There are 2 protein chains.
Amino acid sequence: MEFCNAVMGVGREERRLKAEGSVRPRQHIYKSGEARGQIVVLRDGWAIRFVLTPDGRRQVLSILLPGDIAGGEFLMRNEARVSVQALATPVSYCAFDIADLKEIAKRDPGLIWTFVGIEIAEHEASEALMVGLGRRNAEQRIARLVLDIYERLERRGLADGATIPFVLRQKTIADLLGLTQVHVSRVMTVMKEQGIMRLARGSLTILDMQALRDVA
Amino acid sequence: MEFCNAVMGVGREERRLKAEGSVRPRQHIYKSGEARGQIVVLRDGWAIRFVLTPDGRRQVLSILLPGDIAGGEFLMRNEARVSVQALATPVSYCAFDIADLKEIAKRDPGLIWTFVGIEIAEHEASEALMVGLGRRNAEQRIARLVLDIYERLERRGLADGATIPFVLRQKTIADLLGLTQVHVSRVMTVMKEQGIMRLARGSLTILDMQALRDVA
DNA sequence: CGGTTGGTTGATATTATTCAATGGTCGTGG
DNA sequence: CCACGACCATTGAATAATATCAACCAACCG
């Protein structure tokens with residue numbers, strides 16, 4: 001969002017730099033090792049950034065919601081370090097070539113500061129998740145995840161009261177929070193039974209915000 | 001290192017910008033919430049970046065070795081998000097005021113790219129640790145930590161063959177890797193018994209590099 | 001010395017994993 | 001329209017990994 005404006009504001013003639021793209025549910029936007037060389041801004045749909053360990057396990061690094069950015073890593077390297085994949089939703093995005101952005105940045109160093117800001121924010125989010133992985137139990141991690149997604153959607157005007165779209169599979173949550181799908185199921189079942197949240201056909205309602213915050 | 005050069009190379013008259021500092025073992029370099037407004041480059045000694053959770057637990061976010069940088073967060077905010085504290089060693093560092101750096105950056109946008117690079121590298125390191133926390137067992141995490149520190153010291157010429165200084169307490173390792181001190185003790189004892197490493201009076205020797213890599 | 005810090009060890013408890021079976025939902029092709 | 005397979009969630013039982021509690025020991029330092 002911010003980023004779109006930062007780039008688009010540079011000059012009218014630059015608009016051609018923006019390329020549109022879209023992928024179907026579950027399709028990759030780019031894969032680890034690929035030389036994509038573009039910064040991607042999600043317009044619609046949800047995606048994940050993740051890596052696969054040599055033994056086949058998956059660690060999800062972040063959930064991308066509309067307005068989020070991926071591919072900052074291309075600023076300093078050619079090959080993607082992580083993969084980015086659409087979730088159960090179709091995803092549309094716009095993409096900016098790194099080479100073009102660097103060209104613009106020569107004339108407008110403010111854009112580089114935007115990159116600094118983006119990376120610092122992402123770094124911060126990673127470290128927040130690290131605290132969760134290292135020092136919180138399954139219930140707390142799940143509660144925080146739900147709150148985090150709720151707040152991000154809310155800020156972007158994508159929440160309907162206490163109800164948000166929620167397209168994460170339990171396996172995805174597990175791979176983000178360092179748990180197993182089975183355990184995520186058990187914990188979420190309890191939270192539903194406690195009347196903290198309700199989950200139906202791709203949408204989640206927070207029934208007891210206070211209880212949720214208390215857990216988290 | 002890199003960063004020192006990037007800043008120092010800007011012009012001779014800028015050298016006055018660099019302030020020296022040092023703290024005793026276990027002292028804070030800065031604390032979460034403080035408005036320090038400086039980027040700190042470690043010259044000597046080890047430190048940790050960490051946060052405390054409301055319930056009193058600690059998550060170590062990274063280990064800082066000589067040459068490492070802290071305080072990049074001040075580029076975009078006034079108050080520290082994390083604390084930085086010396087380990088069992090005295091620490092000396094140099095510090096650069098953010099305000100001065102921003103002034104220099106106006107004349108030399110290359111410096112901003114340096115910031116981008118620093119943040120991307122740190123972000124990358126955080127995510128590597130996330131994978132460890134989320135998807136690896138205690139033995140693998142510890143093996144990777146030892147390898148990581150060994151390689152970083154080696155690169156900076158601070159290793160003596162397979163022997164490195166090693167000033168981490170088990171509690172610190174535990175708080176970094178999301179374990180308890182007791183469990184770290186147990187796992188490391190086994191690794192020592194297996195002849196993978198030896199640990200004596202603040203120095204660690206990797207006896208079987210291949211075995212260590214196999215575990216990690 | 002005596003106190004403090006850090007490491008080791010044992011017994012037990014908790015948390016989460018693994019394995020396996022079951023049922024629901026959804027899209028697709030016959 | 002139905003049957004089938006793919007994917008997802010739920011549940012139970014057994015197990016493994018790690019935490020917790022508590023005691024003890026060693027090194028170090030004033």
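Here is the naming used below: chain letters follow the sequence lines, and residue numbers restart at 1 for every chain. Only a predicted model underlies this, so the values are computations on that prediction, with no experimental measurement involved.
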Enumerate, atom names and distances included, each donor-acceptor pair closer than 3.5 Å involving a side-chain atom of residues 201-209 of chain B, sequence neighbours excluded.
unit_1	atom_1	unit_2	atom_2	d
B/S203	OG	B/A200	O	3.4
B/T205	OG1	B/T163	OG1	2.9
B/D208	OD1	B/Q210	N	3.3
B/D208	OD1	B/A211	N	3.0

Contacts of [X] that satisfy side-chain hydrogen bond (donor to acceptor under 3.5 Å, both in side chains) - sequence neighbours left out:
{"X": "A/R58", "answer": "A/D175"}
{"X": "A/T189", "answer": "none"}
{"X": "B/S126", "answer": "A/H123, A/E127"}

Determine all donor-acceptor pairs shorter than 3.5 Å in which one atom belongs to a side chain in residues 21-41 of chain A; sequence neighbours excluded.
unit_1	atom_1	unit_2	atom_2	d
A/Q27	OE1	A/R24	N	3.1
A/Y30	OH	A/G71	N	3.1
A/Y30	OH	A/E73	OE2	3.4
A/R36	NH2	A/Q38	OE1	3.3
A/R36	NH2	A/Y93	OH	3.4
A/Q38	NE2	A/D97	OD1	2.9

Inset, instruction - At the 4.0 Å heavy-atom cut-off to chain A, mark where contacts on DNA chain C begin and end, going 5' to 3'. - result: C/dA16 to C/dC19
Legend entry - Approximate separation, where rounding is to 0.5 Å, of A/R49 CZ and A/S62 OG: 4.0 Å
Legend entry - Nearest-0.5 Å distance that lies between atom OG1 in A/T89 and atom CG in A/L42: 8.0 Å
Let me have the donor-acceptor pairs involving side chains of residues 137-147 of chain A, under 3.5 Å, with sequence neighbours excluded, atom names and distances please.
unit_1	atom_1	unit_2	atom_2	d
A/N137	OD1	A/E139	N	3.2
A/N137	OD1	A/Q140	N	2.9
A/Q140	OE1	A/N137	N	3.0
A/R141	NE	A/G132	O	3.3
A/R141	NE	A/R136	O	2.7
A/R141	NH1	A/L177	O	2.6
A/R141	NH2	A/L133	O	3.4
A/R141	NH2	A/R136	O	2.9

Legend entry - Pairing residues for B/R213 by the salt bridge (charged side-chain N to carboxylate O under 4.0 Å, His left out) criterion, not counting sequence neighbours: B/E151
Inset, instruction - Please name all residues satisfying salt bridge (charged side-chain N to carboxylate O under 4.0 Å, His left out) with A/E122, sequence neighbours left out, ordered by chain then number. - result: none
Legend entry - Near-strand residues of residues 168-193 of chain A, defined as heavy-atom separation under 4.0 angstrom from DNA chain D: A/R169, A/Q170, A/Q181, A/V182, A/S185, A/R186, A/T189, A/K192
Legend entry - Contact interval (first through last nucleotide) of DNA chain D with protein chain B, 4.0 Å heavy-atom: D/dT18 to D/dC21
Legend entry - Helical bend (five base pairs per end, nearest 10°) for the helix from C/dC1-D/dG30 to C/dG30-D/dC1: 30°
Inset, instruction - Classify the nucleic acid contact of A/R26 as base, sugar-phosphate or nothing, counting any heavy atom under 4.0 Å across all strands shown. - result: sugar-phosphate
Legend entry - Any A/M197 side-chain heavy atom under 4.5 Å of A/K192 side chain: yes
Legend entry - side chain to side chain contact (heavy atoms under 4.5 Å, CB included) partner of A/W46, chosen from A/T172, A/D68, A/L168, A/V91: A/L168
